[in-house]
> 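Have a look at this one before I ask anything.
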Amino acid sequence: MASCSHPSQLISLVYDNELDEARRYAAADQIADCPACSHRMQLLEHTHEALCQTLDEEVSRLDFSDFWPRIEQGIAAQPPSLASQWADRFRHWRMQWHAPLSWHIPVWATTVGLCLFAAAVSTQLPTSRGAVHIQTARKPVVVALNNQAQIESLSATSTVLVWNEPTSNATVIWVDETLGEKLP
Amino acid sequence: MNTCRLSFPVPAVLVFCLCTASVAAEDMVHIRVETVLATDTSQEFDNRLTGMRSQLLAFRYSAYRLVQEERRQVEFGKQANFSLPGGRFLQVVPKEYVNEQIALHVMLMEGASPSPLMSTLLSIPNRGMLFVGGRKHQGGTLIIRIGAAADTLPPTIIKTEE
Ligand SMILES: [Zn+2]
């Protein structure tokens, strides 16, 4: 690799955006002109990217579903508490949640407004597929009770038998040249 | 206290992204293909098939084993391809979603033949299913359950090979 006379902090100063605009541009020019610095910059970018990706994956794997139940269990497991202890806890809880929630009330107001607007728009969006319309309202996930298929066309190079399975009425397409005794 | 400060547009952008993502997800069809090997060699019933026990009993075999399960999320008009045991191949193309019915083009391919062994265009209810069966495999018969849902289900891809 070509020799490099630039100070080793140059890359991190640019990467962390710690220089004013004029110096940043000058430093960026120097990096671009220097193969060794360009390579180091690339390495730093790739490392950062890999790190972010790994963190994202790790965070997405975390299971928070029993977070509150476990806190409740923890509280319940404590010895019977006096009213003052509860008051302390409430004050602590308020301190914890008041600060993050209170900042920028307009931000949250805008967010809620946008949310409602987006919900209203998305429920009335015409679809691009003409007759095809998918309802956006969530329905409980249940499987169809009557699964019977409406067959528009069916072709096969083997013998085919079609019947409906009796419990869910699901259509069965049986492709079997021997047509055994197994069929209902 | 050191709180995470988000600048003004961030929550709004997040909400917008979530909403557009949910609209896009509605245009997808979730296809689930479960391949069962049915035989008469034992009385074994694979406990992963408990959810379709009553359906399978209609086929009158004595043993059922799940050999493969695969889930795909696919756009309307796009193919979902599934490799099946014995070098077979299943292609499912969701065509449209009308009146709670999902129209599907289902093709079963076998061997080197370019023409499908079976090809059908049919509609099943949303979250409904159909069976394609009858092909011989390892001394038994394959029963393939094909499910389709046009609303958001967990977009996981699960594949279990024998
Ligand atoms: Zn350099």
Side-chain angles (χ1 to χ4, degrees), chain A residues 95-96 99-100 103-104 106-108 110-112 114-115 118-119 121-122 125 127-129 131-136 138-139 141-161 165-168 170-184, chain B residues 1 3-6 8 10-12 14-16 18-20 22-23 26-27 38 52 54-55 57-61 76 96-98 100-101 103-104 106 108 113 115-136 141 143 145 147 149-153:
Chain A
M95 269 167 63
Q96 262 191 326
W103 50 262
H104 288 183
V107 174
W108 285 105
T110 313
T111 306
V112 169
L114 259 168
C115 202
V121 168
S122 66
L125 265 186
T127 66
S128 54
R129 286 192 308 277
V132 180
H133 177 74
I134 296 177
Q135 292 190 332
T136 48
R138 287 282 180 281
K139 281 156 274 165
V141 176
V142 287
V143 292
L145 290 174
N146 183 351
N147 287 280
Q148 186 169 5
Q150 290 159 26
I151 297 178
E152 219 165 286
S153 68
L154 175 64
S155 61
T157 55
S158 177
T159 315
V160 172
L161 222 83
E165 170 275 314
T167 56
S168 66
T171 298
V172 179
I173 301 173
W174 201 253
V175 190
D176 181 11
E177 57 279 350
T178 58
L179 283 185
E181 71 290 350
K182 286 291 173 189
L183 306 178
Chain B
M1 188 178 289
T3 54
C4 181
R5 294 209 170 266
L6 299 180
F8 169 73
V10 172
L14 271 175
V15 165
F16 184 76
L18 280 172
C19 290
T20 48
S22 74
V23 169
E26 298 287 357
D27 284 352
M52 57 165 124
S54 59
Q55 291 179 318
L57 292 180
F59 292 94
R60 298 182 191 176
Y61 290 87
F76 283 93
E96 58 176 12
Y97 182 57
V98 187
E100 295 279 309
Q101 296 273 320
L104 297 172
V106 178
L108 178 65
S113 170
S115 56
L117 183 67
M118 185 279 295
S119 172
T120 181
L121 184 61
L122 46 70
S123 298
I124 58 169
N126 187 24
R127 300 189 207 105
M129 62 197 77
L130 80 141
F131 287 91
V132 175
R135 306 315 293 164
K136 298 283 174 273
T141 304
I143 298 171
R145 185 167 83 159
D151 30 32
T152 315
L153 294 173

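This is a predicted model, so every value here is computed, not measured. Only heavy atoms go into these numbers, but all of them, side chains included; no hydrogens, no water, no symmetry mates. The sequence lines fix the lettering, A, B, ..., with proteins before strands; numbering per chain opens at 1.
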> Using a 3.5 Å distance criterion without hydrogens, assess whether the side chain of A/S153 forms a donor-acceptor pair with backbone atoms of B/T120.
no
> Using heavy-atom distances under 4.5 Å, tell me whether B/S115 contacts chain A through its side chain, its backbone, both, or neither.
side chain
> Any non-hydrogen side-chain atom of A/N147 less than 4.5 Å from a side-chain atom of B/F131?
no
> Under a 4.5 Å cutoff for heavy-atom pairs, which residue among B/L117, B/T141, B/I143 has the most contacts with chain A?
B/L117
> Of all heavy-atom pairs between A/E165 and B/S54, which one has the smallest distance, and what is that distance?
OE2-O, 4.3 Å
> To the nearest 0.5 angstrom, please state how far the CD1 atom of A/I173 sits from the CG atom of B/L108.
9.5 Å
> How far apart are the closest heavy atoms of A/S158 and B/R135, and which atoms are they?
OG-NH1, 4.0 Å
> I need the minimum non-hydrogen distance between A/A170 and B/Q55, along with the two atoms involved.
CB-NE2, 4.3 Å
> Check whether B/L57 gets within reach of chain A through its side chain, its backbone, both or neither, counting any heavy atom under 4.5 Å.
neither
> What distance separates B/L122 CG from A/T171 OG1, expressed to the nearest 0.5 Å?
7.5 Å
> Taking side chain as C-beta onward, heavy atoms only, is B/S113 less than 4.5 Å from A/T157?
no
